[in-house]
Structures are given as C-alpha cells and as structure tokens.
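Structure first, then comments.
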2 protein chains.
Amino acid sequence: MSLPYAILSILVSAPSSGYDLAKRFNSSVEGSVGFFWSASFQQIYRELNRLEAKAWLQAEAVQQENRPDKRIYAVTALGKQQLCQWIAEVEEMASIKDELLVKLYAGHLVSRQTIVTKLEVHRQQHQQRLAIYQEIKSLYFKNPQALSKTHQFQYMTLLRGIHYETGWLAWFDEIMPLLQVTHPDSADLFGRSQN
Amino acid sequence: MSLPYAILSILVSAPSSGYDLAKRFNSSVEGSVGFFWSASFQQIYRELNRLEAKAWLQAEAVQQENRPDKRIYAVTALGKQQLCQWIAEVEEMASIKDELLVKLYAGHLVSRQTIVTKLEVHRQQHQQRLAIYQEIKSLYFKNPQALSKTHQFQYMTLLRGIHYETGWLAWFDEIMPLLQVTHPDSADLFGRSQN
DNA sequence: AAAGATTATTCAATAAATTGAGTATAAGAT
DNA sequence: ATCTTATACTCAATTTATTGAATAATCTTT
C-alpha cells in the first residue's frame with residue numbers, strides 16, 4: 001500500500017491541509033497528482049492521522065479568518081527517512097483495472113452503438129485531460145532545462161500523463177474505424193446485438 | 001466493483017475453471033486479460049462461489065485422469081443478462097495507482113542512480129510486455145478483417161495494450177536524457193542525493 | 001524414493017477502500 | 001432570508017483486497 005508514501009511524497013515539497021491534499025489526489029486540474037495516485041478524502045484524513053501518530057508527519061493548526069481553521073501537515077525527519085527507504089525498494093509494475101476495457105472485451109454482447117457511444121465519451125474525456133496537461137506544461141514547464149530538481153521530477157510525471165493520454169487517443173483513432181464498418185462476411189447486416 | 005463482471009466477461013466466451021481464470025487474470029502471456037483487470041486467485045474463487053450462489057454462473061464438475069478434478073464455470077442466461085445491463089451503464093475513467101510515478105515524483109530525495117536504475121528495469125519490463133502483445137497479435141490476429149465479432153473486441157483490447165506499452169517506451173526515451181545530464185546551473189556537480 | 005513443481009481449491013485474519021451520513025464555518029447567489 | 005457552494009474535517013458500516021496458511025492429486029526431476 002503506497003497511500004501513506006504518496007501523501008509523504010507530496011507533503012515533502014508542499015506542506016498542506018487534508019483538504020488541499022484531497023483536491024490534489026482527486027482533481028486532474030490541481031497539481032496533476034491524481035494522475036498517478038487517487039484517494040478519497042476519507043482515506044486521506046485517516047492516513048494523515050495515522051502518519052501523525054507515527055510521527056512521520058507533524059501538524060500545525062492554522063487559524064483563518066475567512067474560512068474554517070485548518071491543520072497544515074509537514075513531513076518530519078523520520079517521515080522523510082522512511083519515504084527515502086521506501087523509494088529505494090523495488091516495486092512492481094502498476095496493475096490496471098479498467099472497466100471500459102472489460103466492457104469492450106465483452107462488447108459482442110451489446111449493440112455496436114452502445115460501445116461506440118462509450119468510446120466517444122471516453123475519447124473526449126482523455127482529450128480534455130490531455131489539454132489540461134498540455135496547459136500545465138506550457139504554463140509551468142516552459143523551459144525544462146531551467147527547472148529545479150524538485151520540479152524536474154514533477155515535470156517527468158506530467159510528461160508521463162501526456163504520453164498516457166496521447167496513447168489513448170491514438171488507440172481510439174485506430175479502433176473507431178474497425179467498429180463503424182460492417183463487414184460483408186459478418187452476417188450482421190441489420191444491427192442486431194448478438195453474435 | 002467490476003470483478004464479478006470481469007469474470008463473467010471472460011466466461012461468457014470461454015467457460016473455465018477457477019484455476020484457469022486465475023491464470024488469465026494474472027499472467028500477461030495467457031489471454032492478456034490481466035492487462036485490463038487483475039485479481040488474485042483467492043479473490044476469484046470467492047467470487048465464483050458468490051456468482052454461482054446467485055445463479056449467474058453454473059458449474060460442471062469435470063473428472064480428469066492426469067490432474068485433480070475441477071469445476072468448469074459457465075455463464076447462465078441470468079448472468080448474461082446482468083452482464084449486458086452492467087455494460088450498458090456509464091463508467092468512470094479508470095483511476096491510476098502507480099508506485100513508480102509516486103517515487104519519481106519524490107525522486108529529488110534520492111540519488112539519480114536510484115531512479116535511473118528503476119526506470120531501466122521498468123523500461124525493460126514494458127518492452128517485454130509489448131513483445132508479448134505483438135507476438136499475440138501476429139499469431140492470432142494476423143488478419144483483423146476476418147475476425148469474428150468476439151475476437152474483434154478482444155483484438156481491440158490487445159491493441160490498447162500495445163498502445164499503452166508503446167506510450168511507456170516513448171516516455172522512457174524522452175525522460176532518460178533529462179536524468180543523465182547534469183546541468184551547469186544545478187549546483188549538484190558531485191552526485192549528492194539532496195536538493 | 002524423495003523432493004519439487006503444477007494443477008486445483010479452501011479458509012481465515014488483517015488491511016484497505018468504498019459508501020454514506022454528519023458537523024461546522026463562511027462566502028456568494030437568488 | 002434562505003439556498004447553494006466551498007472550505008475543512010470526522011465517524012462508522014460494509015465491502016473488497018491482501019496475505020498467509022492449508023489441503024490434495026499428479027507429474028517431473030534428482
């Protein structure tokens with residue numbers, strides 16, 4: 001389980017409240033951290049408490065005037081040491097769990113239109129994500145040579161996001177034509193939903 | 001949770017034992033289903049029992065002479081109907097949980113070599129996966145136009161795997177040079193591990 | 001003949017993730 | 001003045017996933 005380490009990885013360069021962290025883990029706009037790790041706000045708050053109890057994090061209460069007060073978490077020396085140790089460990093390739101592909105695999109059970117519509121929706125979502133990532137790139141990473149070490153690594157994860165979304169789009173463009181054509185030998189000239 | 005549906009999706013075109021299913025969900029060689037959904041054998045056996053209890057699956061005991069007996073599961077009419085219903089539902093984009101990218105994000109905390117070595121290992125793993133997928137493509141999907149509907153959809157998921165791995169390789173090739181160069185303004189000429 | 005690998009499956013403890021409700025402050029909109 | 005939205009966080013029930021141990025038959029290797 002890497003959620004605690006994912007939290008540490010962010011906090012180590014940007015101390016934040018649970019609320020801010022949750023946004024970075026869930027929104028594709030803010031921080032783009034959600035691209036490589038996602039977690040619900042309940043998960044994050046629970047984990048922050050655990051990490052504080054283990055003294056890997058320390059919290060500072062911040063009074064605010066225009067909003068509710070909050071607690072800003074920062075990584076302790078111990079936390080940083082634990083994070084470094086974890087980074088050095090060997091990790092497995094990330095496993096994928098993709099509902100769309102499961103559905104596509106069994107796509108022969110439903111109408112072509114059902115699948116095509118789904119693919120069109122997802123294509124647009126990936127397109128939008130890509131646009132966001134490219135926006136971030138052009139705004140904050142205009143000159144990659146001049147980045148600090150910290151930002152250099154963040155830039156690399158952003159590039160991964162861009163390649164990921166580009167890969168999706170290329171795939172959509174390759175398979176869409178396969179779906180729209182009805183082949184003469186397919187014995188399926190009337191749009192029936194069965195094989 | 002889509003594990004029950006992922007199981008149904010496979011069984012609907014290929015009735016199998018739990019053991020065979022588990023292999024398809026875990027190995028990148030056998031069936032390539034593990035590319036888009038992964039599950040442990042314990043998870044699969046538990047789910048098979050649940051699905052049988054709900055009558056979405058029916059099992060047939062098969063006596064074998066050269067191996068232990070087994071139970072072959074097949075999807076019932078009810079199971080097929082439930083699967084179709086689920087496919088028609090709207091699904092979210094798959095969320096990603098990638099340890100490597102978390103570690104890369106915090107890569108500034110460790111030595112460059114630590115990161116470079118990791119990336120080289122992963123690059124090779126993705127290269128190998130791609131080779132497997134391309135092997136499957138050239139063996140079983142030589143002539144995409146002539147595929148049955150069922151195989152056409154399996155082919156599309158295979159293509160997704162190929163695009164995915166290709167995207168990883170392109171990314172590795174883009175970022176590796178960024179890591180190996182020490183910039184004159186980086187104030188880090190001696191390979192120290194800190195920022 | 002014994003040891004290890006492969007096939008085939010079950011059980012149980014623990015950890016983690018999901019879902020849903022709930023609390024509270026304050027800003028802005030209708 | 002009330003409704004909605006945003007900020008900020010907590011608790012608890014349920015479901016899922018992970019981890020580890022077992023059982024048992026057969027085949028292969030030493």
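Predicted, not measured: the structure shown is a model, and the values here were computed from it. Every chain is numbered from 1, with letters handed out A, B, ... down the list of sequences.
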Taking only N/O atoms, report every protein-nucleotides 17-19 of chain D pair under 3.5 Å with atom names and distance.
unit_1, atom_1, unit_2, atom_2, d
D:dA17, OP2, B:Q43, NE2, 2.8
D:dA17, O5', B:Q43, NE2, 3.3
D:dT18, OP2, B:Q43, OE1, 3.3

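- Listed by chain and residue number, nothing satisfies the side chain to side chain donor-acceptor pair (under 3.5 Å) test with A:Q125 (two or more places apart in sequence, or in another chain).
- Picking from C:dT7, C:dT10, D:dC9 the nucleotide with the shortest atom distance to the side chain of A:Y45 gives D:dC9.
- Remark: B:R123 is not positioned above the aromatic ring of B:W171, lacking an NZ or CZ atom under 6.0 angstrom from the ring centre and at most 45 degrees off the axis.
- Protein atom CG of A:N26 is 15 Å distant from nucleotide atom C1' of D:dA6, rounded to whole Å.
- The distance from atom OH of A:Y19 to atom P of C:dT25 is 17 Å, rounded to the nearest whole Å.
- Checked against the 6.0 Å centroid criterion, the rings of A:Y164 and A:Y133 do not qualify as a close aromatic pair.
- The distance between atom CG of A:L21 and atom P of D:dT10, rounded to the nearest whole Å, is 13 Å.
- Using bins of under 30°, 30° to 60° and over 60° for the plane-to-plane angle, the ring pair A:F172/A:H126 lands in the tilted bin.
- If you find the closest nucleotide of DNA chain C to A:R50 and to A:Q64, the one lying nearer the 5' end belongs to A:R50.
- Out of C:dT10, C:dT7, D:dT10, the shortest distance to the side chain of B:K23 is found at C:dT7.
- Counting heavy atoms from C-beta outward, B:V75 and B:L57 have side chains that approach closer than 4.5 Å.
- Atom OH in A:Y5 sits roughly 10 Å away from atom P in C:dA16 (whole-Å rounding).
- Judged purely by distance below 3.5 Å, without hydrogens or angles, the side chains of A:T150 and A:Q154 never pair a donor atom with an acceptor atom.
- With rounding to whole Å, A:Q63 atom CD is found 15 Å from C:dA24 atom C1'.
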